[in-house]
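Reminder, nothing fancy here: chain letters follow the sequence lines and each chain counts from 1.
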Amino acid sequence: MPETPPMVDDDLRADLAAYFALTSATELPASVARMGSATLRARRRSWWPGAAKPALALLGAAAVVVGGIALTRGHLGGGTVASQTALSSAPDLSRAASGGAAAGGQSPVPAAGALITYPGVQTAVVQTALGIGMFEATGRGSAVVSANRARSMAVAAFTGSEGAGVAVLSWVVFSAPSSPSTCLCWVVDVLVAPPSVQPVVGSTGARSVLILVDSRTGAVVTGAAGPGIP
Amino acid sequence: MSPAVAPPAESDSSFDELLNAQRRRLYGIAYSILRDHSDAEDALQEAMFKAWRAWGTVRTRQAGPAWLARICVNHCINRRRGLRLRGPAVAPSDREAAAVDPRFSGRLVDLDRSYRRLSPRQRAAVVLHYHYGYSIDECADLMGCGAGSVRTHLARAIASMRKEMANA
């Protein structure tokens with residue numbers, strides 16, 4: 001027997017009216033104000049086939065886990081070479097995960113601008129050591145997924161994550177020896193506590209992993225840990 | 001999932017017309033269920049993408065507003081559930097709950113705190129019935145459940161909010 005909804009007294013009714021008047025009086029976000037069949041049709045172009053989307057997202061998450069395991073072995077072995085080795089597959093993965101959304105693999109890499117600034121991350125070192133160049137996204141188009149959603153995806157992708165840093169939109173160039181690829185990605189630094197990633201001997205324990213989220217589909221493209229990343 | 005099939009271009013104008021008329025209401029519903037602007041923005045875009053793809057299946061244009069609201073409500077409820085399942089690290093509304101919204105003062109602070117603790121379905125029932133004025137039967141139709149369930153959600157939501165405000 002369903003419960004009968006209680007009579008709402010005048011005080012509560014007035015409070016609810018004031019409350020919803022305040023919460024619904026906000027200005028519409030630009031993307032909502034502009035939303036229409038034209039913008040939705042454009043969104044469809046970056047829509048993945050239903051079966052491929054979760055599988056490729058899983059691949060991205062698996063790469064992050066592999067990176068974490070390799071990092072652990074590297075530390076146990078007394079070096080950090082393993083983390084670089086594990087991440088050497090990142091360009092291939094990124095091409096697979098980005099699918100039609102990224103410009104990768106179809107055309108030569110366009111001239112990139114300045115490297116982005118990300119708190120705590122030495123982007124120049126990451127580019128040199130890991131082959132992931134993170135450049136300013138100016139002129140590279142706009143993101144379909146929001147920064148907030150990208151952070152959520154990054155956190156959800158890594159078991160044991162303790163939070164995420166800011167999301168910075170970046171034109172990412174993966175430098176593979178044969179065919180470089182590119183992707184407009186959200187860069188998110190995810191804090192990971194042991195035992196997900198083995199700490200450096202003598203450190204405070206927590207480390208972070210740089211997660212790249214495709215700005216058009218929201219899928220995790222790859223993760224990186226190693227030189228230049230705290 | 002069925003493959004994405006775009007509706008014919010000629011139906012775009014009727015869809016846009018409907019969306020323009022309902023845009024603010026739909027965003028208000030999405031925000032009231034999710035209580036996070038970024039999340040509401042994303043959820044509404046995803047819901048409207050679903051709606052746009054299925055627009056050709058709507059038999060009569062008069063049914064459009066309710067049909068659009070139904071897609072929005074259910075998408076937001078499911079999305080909010082997903083955020084809760086993934087834990088507090090990715091539930092912006094939970095993070096926000098600790099902070100006091102500067103727009104509120106007095107009893108509205110307590111009301112806001114208690115409202116945020118409601119389940120997605122309870123939030124949906126409260127905002128649809130008490131703010132947008134949908135009847136119990138209309139709420140049931142929008143939420144995809146029975147009228148009895150809506151009554152139960154409302155009763156528990158009101159009781160919870162009363163209790164929370166009395167203890168504040």
Novice: Measure distances from B:Leu19 to the heavy atoms of chain A and classify the residue's part below 4.5 Å as side chain, backbone, both or neither.
Specialist: side chain
Novice: Could you verify whether a donor N or O on one side chain and an acceptor N or O on the other, from A:Ser31 and B:Gln45, lie under 3.5 Å apart?
Specialist: yes
Novice: If only atom types and distance count, is the side chain of B:Arg23 paired as donor or acceptor with the main-chain N or O of A:Met35 below 3.5 Å?
Specialist: yes
Novice: On a heavy-atom basis, which atom in B:Leu111 and which in A:Asp15 lie closest, and how many Å separate them?
Specialist: CD2-O, 3.5 Å
Novice: Do the ring centers of B:Tyr115 and A:Tyr19 come within less than 6.0 Å of each other?
Specialist: yes
Novice: Locate the shortest heavy-atom distance separating B:His131 from A:Ala21; write the atom from each residue and the value.
Specialist: CE1-N, 4.4 Å
Novice: To the nearest 0.5 Å, what is the distance between CD (B:Glu41) and CG (A:Asn148)?
Specialist: 9.5 Å
Novice: Any donor-acceptor pair under 3.5 Å linking the side chain of A:Arg149 with the backbone of B:Asp42?
Specialist: no
Novice: Would you check if B:Arg24 and A:Val32 make a side-chain contact, meaning some heavy-atom pair closer than 4.5 Å?
Specialist: no
Novice: Search all heavy atoms of B:Leu108 against all heavy atoms of A:Ala18 and return the closest pair with its distance.
Specialist: CD1-CB, 4.1 Å
Novice: Could you tell me whether the side chain of B:Arg35 reaches within less than 4.5 Å of the side chain of A:Thr23, counting heavy atoms only?
Specialist: yes
Novice: Nearest heavy-atom pair of B:Phe49 and A:Leu40: which atoms, and what distance?
Specialist: CE1-O, 3.5 Å
Novice: Please tell me if the side chains of A:Ser37 and B:Trp55 come closer than 4.5 Å, counting only heavy atoms from C-beta onward.
Specialist: no
